[in-house]
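Report on the structure given below.
Proteins come first, then strands; the chains are lettered A, B, ... in the order of their sequence lines, and each starts at number 1. Values below: every heavy atom of this structure, side chains too, minus hydrogens, waters and symmetry copies.
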Amino acid sequence: MKARITITLKQGVLDPQGKAIEGALHALGFGGVDDVRQGKYIEVALSESDPEAAKAEVERMCEALLANTVIENYSYELEAA
Amino acid sequence: MKAAVIVFPGSNCDRDAAVALEAATGAPPAMVWHGDAELPKTDVIVVPGGFSYGDYLRSGAMAAHSPVMREVVARAKAGTPVLGICNGFQVLTETGLLPGVLMRNRSLRFICKDVHLKVERDDTLYTNGYAAGSVIRIPVAHKDGNYFTDDETLARLEGEGRIAFRYCSAEGTVDDAANPNGSRNNIAGLYNESGTVLGMMPHPERLADPALGGTDGAPIFSSIVERLQ
């Protein structure tokens with residue numbers, strides 16, 4: 001299976017990179033941009049084929065290493081390889 | 001007194017730390033490679049500055065899970081003093097030995113300059129060689145030094161006297177103008193609950209010898225020796 005993991009900063013956590021991107025988009029004339037938050041995207045190929053087991057494994061990975069849950073949230077989608 | 005310095009791929013302040021430790025203890029510290037699961041018996045451990053594992057994923061995240069860090073965490077929990085400097089501070093937060101996280105500087109820039117720090121306490125393992133409230137000059141060199149933690153943890157750290165150093169002006173004023181990176185409450189360094197673990201973004205080892213242009217960092221190393229011997 002393949003896991004597509006998205007890691008984002010929690011609401012309320014200052015995101016200076018998102019702010020810089022927002023400023024640059026405004027400078028380019030995209031006046032309709034209200035807010036920008038930057039995150040990370042990680043793809044993990046898993047040998048596990050059982051969705052429930054894969055889900056549990058991805059969550060353990062996120063908690064142990066991929067996200068710092070002090071400041072980040074994570075979400076993921078699983079797809080059959 | 002025996003000291004050890006942990007060396008990761010990408011560490012670049014390990015030898016500076018070793019020089020400062022040797023000046024304080026009188027003996028060269030053990031240099032311990034990250035892949036070693038064995039850590040020699042030691043009285044103090046320094047996790048040095050640098051860019052361990054290229055800062056991949058998050059600063060300090062990969063190093064925090066290296067074999068030797070498991071042993072460092074175990075020793076720290078058993079009471080062995082651990083000093084984390086710059087990337088070492090980032091590593092210690094990633095292991096959970098210290099709360100919070102070092103985020104990208106609010107300016108998004110790498111900051112490399114001398115800053116002034118207010119020493120909060122003079123009764124700790126690391127700061128007994130300073131006077132409480134004194135202002136010292138120490139260099140910073142980081143892009144991810146913006147200390148963040150939630151309101152509840154921040155209140156606990158303040159209430160328990162766990163702030164070691166705050167960024168301040170040369171005159172000792174702690175305000176936003178003297179905050180180089182956006183750290184909450186101008187926090188530049190903090191202790192764990194027992195005061196045996198210290199993490200700090202500034203580099204005391206870089207101003208610990210007159211030949212380097214100053215010695216304001218030296219008392220951190222001599223304080224440890226003073227307390228442990």
**Request:** With a 4.5 Å cut-off on heavy-atom pairs, point out which of A:Leu66, A:Val13, A:Val70 contacts chain B the most.
**Result:**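 Winner by heavy-atom pair count: A:Leu66.
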Compile a table of inter-chain donor-acceptor pairs under 3.5 Å between chain A and chain B, counting both main-chain and side-chain atoms.
residue	atom	partner	partner atom	Å
A:Gln17	OE1	B:Arg104	NH1	3.4
A:Lys40	NZ	B:Leu57	O	3.2
A:Ala64	O	B:His65	NE2	3.1
A:Leu65	O	B:Arg58	NH1	3.1
A:Leu65	O	B:Arg58	NH2	2.8
A:Leu66	O	B:Arg58	NH1	3.0
A:Asn68	ND2	B:Glu94	OE2	3.3

**Asked** Crowded around B:Phe110 CZ? As in, over 12 foreign heavy atoms under 6.0 Å?
**Response**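 Atom CZ in B:Phe110 is crowded, with more than 12 foreign heavy atoms closer than 6.0 Å.
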**Request:** Side chain from CB out, backbone as N, CA, C, O: work out which of these in B:Leu57 comes under 4.5 Å of a heavy atom of chain A, or both, or neither.
**Result:**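 Backbone plus side chain of B:Leu57, per the 4.5 Å heavy-atom cut-off to chain A.
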**Asked** Which answer fits A:Ile42, side chain, backbone, both or neither, if we ask what part of it has an atom under 4.5 Å from a heavy atom of chain B?
**Response** side chain
**Asked** Between A:Ile71 and chain B, which part of the residue has a heavy atom less than 4.5 Å away: side chain, backbone, both or neither?
**Response**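 For A:Ile71, side-chain heavy atoms alone lie under 4.5 Å from chain B.
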**Message:** Could you check whether any side-chain heavy atom of A:Leu14 comes within less than 4.5 Å of a side-chain heavy atom of B:Phe148, counting everything from C-beta outward?
**Reply:** no
